Amino acid sequence: NAGVTQTPKFQVLKTGQSMTLQCAQDMNHEYMSWYRQDPGMGLRLIHYSVGAGITDQGEVPNGYNVSRSTTEDFPLRLLSAAPSQTSVYFCASSPTSQPQHFGDGTRLSIL
Amino acid sequence: KNEVEQSPQNLTAQEGEFITINCSYSVGISALHWLQQHPGGGIVSLFMLSSGKKKHGRLIATINIQEKHSSLHITASHPRDSAVYICAVSSGNTPLVFGKGTRLSVIA
């Protein structure tokens with residue numbers, strides 16, 4: 001079982017560049033979410049989705065867009081990267097609102 | 001919004017010691033989670049509980065709903081238990097709120 005797959009694992013961007021972090025799950029989970037993890041802080045919710053076609057903002061949504069066209073995929077888009085978005089990003093999925101399956105994370109550096 | 005506090009922030013133990021990590025929260029919840037994050041970065045769910053106690057191998061999680069407090073115990077600790085342990089809470093279908101984590105180092 002693949003579980004939750006995040007790509008890429010590492011990425012370096014320049015300020016102002018755009019990119020998409022990919023997240024895919026093969027467990028048919030309705031609930032998917034994106035978090036960022038910064039030193040000294042807990043996981044913070046960026047955006048989440050309770051099913052295909054439905055997304056909502058979390059605690060720190062500014063600078064990020066999401067879409068959920070299928071149950072399996074939940075990409076996170078940075079439209080114009082800023083150094084403050086340097087972080088480790090985790091995608092998670094679960095059959096309810098209780099994330100129990102995390103991806104391995106994407107370490108993103110913005111110069 | 002629920003506030004989740006974990007203590008201690010950092011913990012160093014000798015192999016074989018009994019370890020306790022604490023988590024307190026400010027508002028009533030429907031479930032509390034304990035998660036483990038290894039140095040490689042992956043996050044694994046250890047327990048989800050809403051009352052009482054759960055045990056898995058050398059790990060025991062307890063929760064006291066009235067006191068809004070949970071503990072994670074590790075018996076006979078081992079260097080492979082070294083990780084960051086994260087507490088998270090939820091109410092109904094609202095997203096999880098996470099604590100900042102407790103970094104545990106177990107020395108042989």
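Remember, it's a predicted structure, so these values are computed and weren't measured experimentally. Each chain gets a letter, A, B and so on, in the order its sequence line appears, and its residues count up from 1.
Connectivity analysis of hydrophobic side chains (ILVMFWY, heavy atoms under 4.5 Å, direct or indirect) links A/Y89 to A/L13, A/M19, A/L21, A/M32, A/W34, A/I46, A/V60, A/Y64, A/V66, A/F74, A/L76, A/L78, A/L108, A/I110.
Checked by atom type, the side-chain pair A/S94/A/Q100 shows no donor-acceptor distance below 3.5 Å. Defined by atom type and a distance below 3.5 Å, a donor-acceptor pair is present between the side-chain atoms of B/S70 and B/W34.
Applying the salt bridge (Lys or Arg N to Asp or Glu O under 4.0 Å) test to pairs two or more places apart or on separate chains, those with a residue in residues 55-71 of chain B are B/R58-B/D81. Applying the disulfide (SG to SG under 2.5 Å) definition to pairs two or more places apart or across chains, none involves residues 54-85 of chain A.
What you find for B/L11 and B/I19 is that their closest heavy atoms are CD2-CG2, 3.5 Å.
Residues of residues 36-43 of chain A lying under 4.5 angstrom from chain B, judged on non-hydrogen atoms, are A/Q37, A/G40, A/M41, A/G42, A/L43 by number.
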